[in-house]
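To start, the structure itself, in structure tokens.
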Amino acid sequence: MIFSKTLNHWYSNNKRDLPWRQTKDPYRIWLSEIILQQTQVAQGLPYYSKFVHEFPSVFHLAQAEESDVLKLWQGLGYYSRARNLHTTAKYIASELNGVFPTIYKDLLKLKGIGDYTASAIASICFNKVEAVVDGNVYRVLSRYFGIDTPINLSKGAKEFKELAQELIDKKNPADFNQAIMEFGATQCRPQSPDCNICPFNKGCIAFNENKIGELPVKIKSAKAKKKYFNFLVFIDKDAKTILEKRVGKGIWQNLYQFPLIETAKSLEFEDFKLAVKKHSLLKEVSFELSLYNEDVIIHKLSHQHLYTKFWIVKVGQSLPNSIPINKIRTYAVPILIGNFIEHFNFN
DNA sequence: AACGCGGGGTA
DNA sequence: TACCCAGCGTT
């Protein structure tokens, strides 16, 4: 009780003015929650505005093409969020007449909605007593109560979920959930939290035992693997190029890229030229090869480091299925490709 | 239970 | 560098 009272007081004095705090419309809350998964508010904010403007209701989103949803999502990462968002919008529009489920159990069935998001929507929109546990909540609770159970093992997930469910303000679950996340985001930060002016510092075990830097405990994930990407930027005699859609498993599903040759290690010009000659598009075709970036571009994902070279391939004839260069900006591409398109002078 | 999945920010 | 972010789906 005292915990939620202190928290509530802090929240009323410190909450940021964010657009999704001005509505209880489940469509907008859902949209904001998907965007904010593993994404900081500052990064997600412009995307939320774009989506609300482009798709004001779940019906607008349901009627869109997936390619348009991905294009709007471009640059935000974790693109399965966008694909699942679209899938669920279509389901809600056509099967549920546009009406969102109001309880945790039913929300959880929707694609892209897991434990956290189901709890967030149920509590914020429908005042259900469902505690959220996100990265902020793990940090706040582990520090205040001095809990060193690893947060990314199922034991920790269970333990913190139960604790949050005990602490939640049963009279105002919506504000409690948002307050504890806001507190973790702006005050009880991962590094250099404001402990000196913290309303919880008297009772905070981590603060009083000097364990702020040790909590929460998290099992380290495996190191990122190195991959060697070579993109073929074709330019044919009609000033057209080739983009391919990424299909199947792996990163950037359903986004577009220049034809890719992945190699086991970084290849120099002559070795790569030999490899390129075998490419299906270049059999019996004369071409002029040049390397765009002298220094390899290292694009870092959380689980892969992509050592990337862009090779310019000029071809004296017309290529099949090629697209005008002035159209490539309409395709959804990974930011690695988008940055290249922005900087390369195609003329 | 473990792993794959983006891109940007902070210290 | 290393870590983190209003996590989820697949295996």
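Quick note: numbers below take in every heavy atom, side chains included, and nothing from hydrogens, waters or symmetry partners. In what follows, chains are A, B, ... by sequence order, proteins preceding strands, each numbered from 1.
Between A/Leu85 and A/Trp73 there is a side-chain heavy-atom pair separated by less than 4.5 Å.
Contact annotation for A/Asp115: backbone-only contact, meaning every heavy-atom pair under 4.0 Å involves sugar-phosphate atoms and none involves a base. Residue A/Thr117 is in sugar-phosphate contact alone, with no base atom involved, counting any heavy-atom pair closer than 4.0 Å across all strands shown.
Here the shortest heavy-atom pairing between A/Thr23 and A/Tyr48 reads CG2-OH, 4.4 Å. The two residues A/Ser318 and A/Lys237 have their closest heavy-atom pair at OG-NZ, 3.6 Å. Of all heavy-atom pairs between A/Ile113 and A/Ala118, the closest is CG2-N, 3.5 Å. Taking every heavy atom of both residues into account, A/Glu159 and A/Ile147 meet most closely at OE2-CG2, 3.4 Å. Contact detail for A/Lys226 and A/Tyr307: the closest heavy-atom pair is CE-OH, 3.4 Å. A pairwise comparison of heavy atoms in A/Arg139 and A/Gly184 identifies NH2-O, 2.8 Å as the closest pair.
Taking the six-membered ring for Trp and the full ring otherwise, A/Phe183 and A/Phe200 have centroids separated by under 6.0 Å.
A heavy atom closer than 4.0 Å to some atom of DNA chain B occurs in A/Leu153, A/Ser154, these being the qualifying members of residues 148-156 of chain A. For DNA chain C, the residues of residues 126-136 of chain A within the heavy-atom distance limit of 4.0 Å (strictly under) are A/Asp134, A/Gly135, A/Asn136, sorted by number. Contacts of residues 103-114 of chain A with DNA chain C (heavy atom under 4.0 Å): A/Leu110, A/Lys111, A/Gly112, A/Ile113, A/Gly114. A heavy atom lying under 4.0 Å from DNA chain B marks none of the residues of residues 16-33 of chain A.
Comparing B/dG6 with C/dC3, their C1' atoms are spaced 15 Å from each other, to the whole Å. Here the separation of C/dA6 from B/dT10, taken at their P atoms, is 12 Å to the nearest Å. Between C/dC4 and B/dC5, the distance separating the two C1' atoms is 16 Å to the nearest Å.
Looking at A/Glu288 and A/Lys273, no side-chain N of the basic residue comes within less than 4.0 Å of a carboxylate O on the acidic one, giving no salt bridge.
For the atom pair NZ of A/Lys105 and CD of A/Glu130, the computed distance is 11.5 Å after rounding to the nearest 0.5 Å. Atom CD of A/Gln257 and atom CZ of A/Phe231 lie 5.0 Å apart (nearest 0.5 Å).
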- prompt: Between A/Asn196 and A/Asn201, is a side chain to side chain contact (heavy atoms under 4.5 Å, CB included) present by the stated rule, with each step listed?
  reply: CA-CA 7 Å; A/Asn196 292 328; A/Asn201 60 13; 5.7 Å; no
message: For A/Leu141 and A/Phe3: C-alpha separation, side-chain torsions, deciding distance, then whether side chain to side chain contact (heavy atoms under 4.5 Å, CB included) applies.
response: CA-CA 11 Å; A/Leu141 297 185; A/Phe3 186 90; 4.1 Å; yes
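When the C1' atom of C/dG7 is taken as reference, atom CZ of A/Arg139 falls 15 Å away, rounded to whole Å. The nearest whole Å value for the distance from the CD1 atom in A/Ile180 to the P atom in C/dA6 is 13 Å. One can place CD1 of A/Ile121 at 13 Å from C1' of C/dC8, the figure rounded to the nearest angstrom. The nearest whole Å value for the distance from the OH atom in A/Tyr138 to the C1' atom in C/dC5 is 14 Å. Between A/Tyr116 atom OH and C/dG7 atom P there is a gap of 6 Å when expressed in whole angstrom units.
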field: Contact state string [nucleotides 4-11 of chain B, B base, S sugar-phosphate only, - no protein heavy atom under 4.0 Å]
entry: SBBBB--S
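Its side chain within the 4.5 Å cluster rule, A/Leu291 clusters with A/Leu232, A/Phe234, A/Ile242, A/Ile261, A/Leu267, A/Phe269, A/Phe272, A/Val276, A/Leu281, A/Leu282, A/Val285, A/Phe287, A/Leu289, A/Trp311, A/Val313, A/Val315, A/Leu319 among the Ile, Leu, Val, Met, Phe, Trp and Tyr residues.
The side-chain contact (heavy atoms from CB on, under 4.5 Å) test with A/Ile121 is passed by exactly one of A/Leu110, A/Val132, A/Leu107: A/Leu107. Of the candidates A/Glu66, A/Lys245, A/Arg246, A/Arg83, A/Glu66 is the only one forming a side-chain hydrogen bond (donor to acceptor under 3.5 Å, both in side chains) with A/Asn254.
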